[in-house]
Amino acid sequence: MTAFRIDQIFVGNVFDVLPRLPCRNFQTALFSPPYFNLRDYGVSGQLGLESNHDCLGWANGKECGKCYTCRLIRVGDDLWHVLRDDGTVWINIGDSYSTGRIGRQDANRVVYGRPLFKKVKDTRCRTTKGVARKNLLLMPARIAMAFQSHGWILRADVIWAKPNPIPESVKDRPTRSYEHILLFSKSDKYYYDWRSIAEPVKKAAGNAPADLARAMSYGRRLRPSKTEASREIGSDTPQARNVRDVWIIPTAPYNRGHIAVSPLEIAERCILAGSRIGDVVLDPFCGTGTTCAAALGLGRHYVGIELNPAYVQLAKERISGIQPPLPMITVDSVSFIRGKR
């Protein structure tokens with residue numbers, strides 16, 4: 001009998017690997033897919049370079065299977081089967097314009113056994129089929145409604161506000177400085193630990209208590225004591241409040257080749273709220289391993305999927321510096337039985 005080993009990253013296309021994972025073994029999935037019409041990661045079969053952003057076929061059950069939205073719906077359908085019934089899905093996604101120049105990176109060159117990332121200038125300008133030039137496509141809203149049409153419950157639309165956004169040269173609109181984090185659940189009853197990411201309540205003088213302020217730095221969270229936890233949110237003297245749906249978090253610097261790395265703090269917040277110690281966290285678009293590193297550091301197990309082998313090497317190097325707090329376990333492959341919704 002074969003066994004499925006966790007705490008690993010699978011190299012391959014998400015559409016091939018995800019359907020082969022065991023059913024109902026993952027507590028939460030956290031990922032940031034390649035955004036539509038934005039970047040070329042230099043690997044064939046990648047998501048984000050489709051000619052059409054949305055065929056709208058999901059609205060009447062006639063998905064084309066080829067547009068960006070329909071391909072992401074397919075990922076959502078596969079996640080439904082591998083996620084526990086009380087599990088959650090967190091999707092970090094930014095918006096796109098109908099017209100734009102696609103940046104490209106050659107991430108497959110290897111020098112002395114190590115990946116060499118070389119930026120390649122690409123002046124291609126693409127306009128989305130069937131949409132007038134310069135239109136904002138509202139991709140987060142499209143993805144949210146498409147997932148809802150397939151049974152997912154949209155519980156929150158968190159705004160990730162960036163105090164240090166990437167500068168843009170445009171002069172006919174504001175600079176983009178935020179992205180969306182969509183929280184989905186399979187049912188109205190699901191695991192969500194609000195206390196693990198509770199925010200400190202400021203004193204009248206405007207300064208947060210010192211211990212809570214330290215806990216909030218670098219993505220660390222302080223669980224309220226039993227006395228504090230017993231208080232209802234909104235009481236006269238609470239020590240912590242439920243986290244709000246606007247997260248002001250700086251972008252994360254990363255000089256190893258990947259140009260769209262999510263901050264570790266975002267991954268930590270989602271993992272703390274969506275899973276328990278010992279649970280398995282899934283990232284089907286692993287990249288350089290931010291989700292996997294955060295999961296391991298917080299006492300969870302992880303499984304990642306990544307199409308680009310060069311990124312997988314960077315992710316493994318990143319994770320190797322984290323001491324796993326839990327022993328390796330296996331999930332028997334006999335649990336891989338597709339069930340009806």
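Y190 pairs by the side chain to side chain donor-acceptor pair (under 3.5 Å) definition with R155, not counting sequence neighbours. Partners of R74 by salt bridge (charged side-chain N to carboxylate O under 4.0 Å, His left out), not counting sequence neighbours: none found. Residues passing the salt bridge (charged side-chain N to carboxylate O under 4.0 Å, His left out) test with D54, sequence neighbours excluded: R142. A search for side chain to side chain contact (heavy atoms under 4.5 Å, CB included) contacts involving R173 returns Y97, E168, V170, R176, not counting sequence neighbours. Partners of L282 under the side chain to side chain contact (heavy atoms under 4.5 Å, CB included) rule, at least two apart in sequence or in another chain, are L18, L21, F26, A29, L79, V82, P284, V303. Looking at residues two or more places apart in sequence or on another chain, you find a side chain to side chain donor-acceptor pair (under 3.5 Å) between R84 and Q27, D279. Qualifying side chain to side chain donor-acceptor pair (under 3.5 Å) partners for W247, counting only residues two or more places apart in sequence or in other chains: none. Under the side chain to side chain donor-acceptor pair (under 3.5 Å) criterion, T28 pairs with T88, W90, sequence neighbours left out. Residues meeting the side chain to side chain contact (heavy atoms under 4.5 Å, CB included) test with P163, sequence neighbours left out: I248, P250. By the side chain to side chain contact (heavy atoms under 4.5 Å, CB included) test, A59 is found to be paired with no residue, residues two or more places apart in sequence or in another chain being considered. With sequence neighbours excluded, no residue forms a salt bridge (charged side-chain N to carboxylate O under 4.0 Å, His left out) with D188.
Listed by first and then second residue, the side chain to side chain donor-acceptor pair (under 3.5 Å) pairs involving residues 60-70 are E63-H150 (not counting sequence neighbours).
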